[in-house]
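Below: one structure, written as C-alpha cells.
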Amino acid sequence: MISNWFQDTFQSLRNPRYRTLWMGTTVAFLAFMMSSIVQSIVAFDLTGKNGAVGMVALGQGLATIVISPFGGVIADRVSKRKLVLIGQTIIGLNFLVVGILVVTDAITILTLASSTFVMGAVFSFIGPARQAWIGELVSGDEMGNAIAMQQVGMTLTRVIGPLLTAALVAVSVIGTGGAYLFMSGMFGYVILTLTQLPGTKPRPAGGKSILGDLRLGLSHIASRPRLALLVPLFMGVIMFGFSYQVVLPGLLENELGRDAKDMGLLFFAGALSGLVVTLGVARKANGPNAWRMMFGGALVLGVSLGVTALSATFWQAMVMMFIAGAGSSAFQLLNNSLIMQYADQAYYGRVMSLTMMAWGMNGLVGFPIGLAADRCGERETIFVLALLVILVTTAAIMIHVSLNRRFASRPAPLPTLAGGD
C-alpha cells in the first residue's frame, strides 16, 4: 500500500525531464521564499513602519500587474527554455546587487522597492513560461500530478526557507546582506538545471499581434465558465489571504511582544502543515472532490486568519499559522491543477499569466494595507482581510453550485487537456 501511495503521489517525477525542471524550480522557489522574508526584515529595520514593508512589496506588485498579461503572450510565442534561462540569470544578478548594498549599508527603501520591481517584471515572463513548459514535458494523465508536485516543491521551500533564512540572519557576520548573496549563488544551480533540458519551440498563438493574442487568451477563459470562475477566485484569495504578511512584523513587535525576525517561525509553522496537506492532496488533484477540497482550503485560510487576529500570545498565533498553511496550500494546489485541466495547451501561458497577476495584486494592495495597519492596528487589519477571503470564497461556491445546476443535463468527469465546460 505504501508503495502504491508513493508511486501515485510522485508519478510525474518519474519523467526525467520534468524531474530536472522540478529540481531547478524548487531551488528558485526557495530563493524567492527567503527573499520575501529578508526584504520584510530589511524594510522594517530601516523604518520601523508597516507601510515601508508594504511599499517594498508594491514594487513587485506594480510590475506584475502591468507586465504579467503580456508575459503570458510572450511565453506562448517564444522558446520557454530560453525565456526562463534569461529571467533566472537576471534575478540572480538582482539579488547580488541588493546583497552588496545591504552589506555596505547603502541600501534604501527606494532601492529595495526597485529590486522587487525587477523581480516582479522578470517573474511576469518566467512564471507563465515555466507553468506552460510543464504541459510540454508531461503527458495529459500526468498533468494534475505534475502541477501538484510543483506545489509540493513550493511548500517544501516554505518549510526550509524560514529556517534557512533565520539561521543566516542570526549569524552576525552573514546577516541580511549575506542572505541576499547566498540567494544569488543559488541561481547558479538553477541555471545549470535549465542548460540540461532540451530547447522548446514556440507554439503558434493564432493572433497577428501581442494584443491580439492577449484578446484570444481572454476570450478562451470567458468561453469556459468554470475556468472563468477559477481565475478570479485565485486572484481574490491570494490578494486578500496572503496580504497579512505585510502586517506580520508589526503584529509581532507591537501586539505580541516578539522581534520581527520571529516571523520566520510563523512561516515555518504554516509551511510544515502545508507540506503534509500537499502530499496528501497531490494524488487527488484529478479526482472528483477537487473542487470541494479547494473551497474548503480557502475557507480554512480565512477562518484561521481571523482567529490569528484575536490571538493573545505568539504561540496561539503560531497554531493559527499552522492551520492557515494547510488551507492555503490545498487551495493553491487544487486551483492551479483545475485551471490547467480546463484550459487548452495552446493558451497555458496566457491563462497562467492571469494567475500570476494575483501575486501582483497582492503586492499592489500591500502598501495601503500597511498604511491601514499603522492607522487602525495590525489585529483589525488582519481580521478584515480574513473576512474578505471568506466572502470571496462563499461567492465562488454559490457560482459553482449554479454552474453545476446549469450543466446537470450533461454531466461529465473533469475535462482532459482539450476539454471544456
Could you tell me whether the side chain of Met149 reaches within less than 4.5 Å of the side chain of Thr26, counting heavy atoms only? no
Measuring only between side-chain heavy atoms, which start at C-beta, is Arg292 closer than 4.5 Å to Phe295? no
Compare all side-chain heavy atoms of Ile100 with those of Leu181 and state whether any distance is below 4.5 angstrom. yes
Derivation and outcome, side-chain contact (heavy atoms from CB on, under 4.5 Å), residues Val307 and Gln316: CA-CA 9 Å; Val307 180; Gln316 290 177 6; over 6 Å; no
Quick one: does any side-chain atom of Asn335 pair with a main-chain N or O of Met294 as donor and acceptor, under 3.5 Å? no
Assign the ring pair Phe187 / Phe95 to parallel, tilted or perpendicular, where the plane angle (0 to 90°) is split at 30° and 60°. tilted
Main-chain N/O of Gln332 paired to Asn336 side chain as donor or acceptor, under 3.5 Å: yes
Here's one to test your reading of the geometry: is the NZ or CZ of Arg258 within 45 degrees of the ring axis of Phe314 and under 6.0 Å from its centre? yes
Is a side-chain donor or acceptor of Trp22 paired with a backbone partner of Leu13 at a separation under 3.5 angstrom? no
Quick check: does any side chain N or O of Arg130 sit under 3.5 Å from a backbone N or O of Val84, one acting as donor and the other as acceptor? no
Just by distance, do the side chain of Thr25 and the backbone of Leu21 share a donor-acceptor pair under 3.5 Å? yes
Flag if over 12 foreign heavy atoms under 6.0 Å of CE, Met186: yes
Side chain to side chain, Phe242 and Leu301, heavy atoms closer than 4.5 Å: yes
Any donor-acceptor pair under 3.5 Å from Thr104 side chain to Leu101 backbone: yes
Between Ser337 (side chain) and Leu334 (backbone), is there a donor-acceptor pair under 3.5 Å? no
Does the side chain of Ile90 come within less than 4.5 Å of Ile86's, by heavy atoms? yes
Does Thr116 use its side chain to pair, donor to acceptor, with the backbone of Val56 at less than 3.5 Å? yes
Spell out, as yes or no, whether a donor-acceptor pair under 3.5 Å connects the side chain of Ser184 to the backbone of Gly92. yes
So does Leu112 get a backbone contact from the side chain of Ser115, meaning a donor-acceptor N/O pair under 3.5 Å? yes
Out of curiosity, Thr393 OG1 to Phe240 CZ, how far, rounded to the nearest 0.5 Å? 11.0 Å
